[in-house]
There are 2 protein chains.
Amino acid sequence: MYDLPMRPFKHPPVSEFVLERLLYALSDPVRLDIVRRLAELGEASCGELDGGRPKSTMSHHFRILRDVGLVNTHTVGTTHMNSLRQDDVNSRFPGLLDAILVQKE
Amino acid sequence: MYDLPMRPFKHPPVSEFVLERLLYALSDPVRLDIVRRLAELGEASCGELDGGRPKSTMSHHFRILRDVGLVNTHTVGTTHMNSLRQDDVNSRFPGLLDAILVQKE
DNA sequence: CCCATAGTTCGAATATTATCGAACTTAAGT
DNA sequence: ACTTAAGTTCGATAATATTCGAACTATGGG
């Protein structure tokens, strides 16, 4: 009935995670880098993780990471805080993220 | 100096494996299916794994799997026998293949 | 030698994707 | 209100990929 105030982002439930789409999302260097740095930092805004890339480009990659279930985004003031959905991914694909994140580079 | 007799396939050494490319190769449903069935069967010819798809399509996917280091192909008569380079992949990316292959589907 | 079999290679059509500028939206600050 | 900051959305372009038919390349058999 009612929309909650400002819900720009839809995050899929774990039951809708699709392995192929996760793998695809992680196969892009920019996105893999985002995931790695989120794993280090715990959370970060979009702007903190652009490597000088345009906002529109980053927004695109964050959307893909959200859509496949890898990243959670919540709004804090005017910034979007992103974090890895590590527990969710682990529960659905045990060991997958760990196997990827142990790689230094 | 000399070419070995008939070496159509080049398989990359483990040191040249690239995580992003592995993930990309595995993100295609056709290729992921090939990898899963090779894991079950141990080895299989190209023809055994086409699901009615044209040979040229399958050849394309096998080439990608070979190029990234996931699959080894050796010629036996007129057929090409394929197998997973599981030990090689495990040595470079421990746990990755397991995390993917435990998924039923 | 001819022929069938198993794949590869080539070429072209189609579809997806990545990238980025420009315009827009929302939230804060002054 | 005006302005800035942080992202998103839209649109276009360029690069990549997938698919598949057709022609080609062995290899093995009769």
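Quick note on labels: first sequence line is chain A, next is B, and so on, each numbered from 1. The shown structure was predicted, so the numbers you read here are calculated from the model rather than taken from an experiment. Only this structure's heavy atoms are used, side chains among them; waters, hydrogens and symmetry mates stay out.
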Would you give me the side-chain donor-acceptor pairs under 3.5 Å for residues 34-41 of chain A, sequence neighbours excluded?
{"from": "A:Arg36", "atom 1": "NH2", "to": "A:Glu105", "atom 2": "O", "distance (Å)": "3.4"}

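- Backbone-only engagement by A:Thr79 is indicated by non-hydrogen atom pairs under 4.0 Å involving sugar-phosphate atoms exclusively.
- In this structure, B:Leu32 atom CG and D:dA17 atom P are separated by 18 Å, rounded to whole Å.
- Atoms CG (A:Leu65) and C1' (C:dA18) sit 14 Å apart, rounded to a whole Å.
- Put simply, B:Tyr24 has a side-chain N or O that comes within less than 4.0 Å of OP1 or OP2 on D:dT18.
- Nearest heavy-atom pair, B:Ser83 versus B:Gly42, reported as atom, atom and distance to 0.1 Å: CB-O, 3.4 Å.
- Mapping A:Thr57 and A:Val76 onto DNA chain C by nearest heavy atom places A:Thr57 at the nucleotide closer to the 5' end.
- Look at CG on A:Asp28: it is 6 Å from P on C:dA18, rounded to the nearest Å.
- Here A:His61 lies in heavy-atom contact (under 4.0 Å) with sugar-phosphate atoms only.
- Residue B:His60 has a polar side-chain atom (N or O) positioned under 4.0 Å from OP1 or OP2 of D:dT18.
- The side-chain contact (heavy atoms from CB on, under 4.5 Å) test with A:Leu65 singles out one residue from A:Val71, A:Leu84, A:Thr73, A:Asn82, and that residue is A:Val71.
- Of the candidates D:dG7, D:dT18, D:dG28, the closest approach to any side-chain atom of B:Thr78 belongs to D:dG28.
- Spacing between atom CZ of B:Arg21 and atom P of D:dT16 amounts to 13 Å, rounded to whole angstrom units.
- The CE-C1' distance, from B:Met58 to C:dT9, rounds to 17 Å in whole Å.
- Ring-plane geometry between A:Phe17 and A:Phe93 is classed as parallel, the angle between the planes falling under 30 degrees on a 0 to 90 degree scale with a further cut at 60.
- For A:Ser56 against C:dG21, a side-chain-to-base donor-acceptor contact under 3.5 Å is present.
- One atom, NE2 of B:His80, and another, P of C:dT8, lie 5 Å apart when rounded to the nearest Å.
- Across all strands shown, B:Arg66 has heavy atoms under 4.0 Å from sugar-phosphate atoms exclusively, and none from any base.
- As rounded to whole Å, 21 Å separates atom P of C:dG11 from atom NZ of B:Lys55.
- The distance from atom NE2 of A:His61 to atom CG of A:Leu49, rounded to the nearest 0.5 Å, is 12.5 Å.
- When rounded to the nearest whole Å, the span between CZ of B:Arg63 and P of D:dT19 equals 15 Å.
- In the set C:dG21, C:dA18, D:dT19, the nucleotide with an atom closest to the side chain of A:Ile64 is C:dA18.
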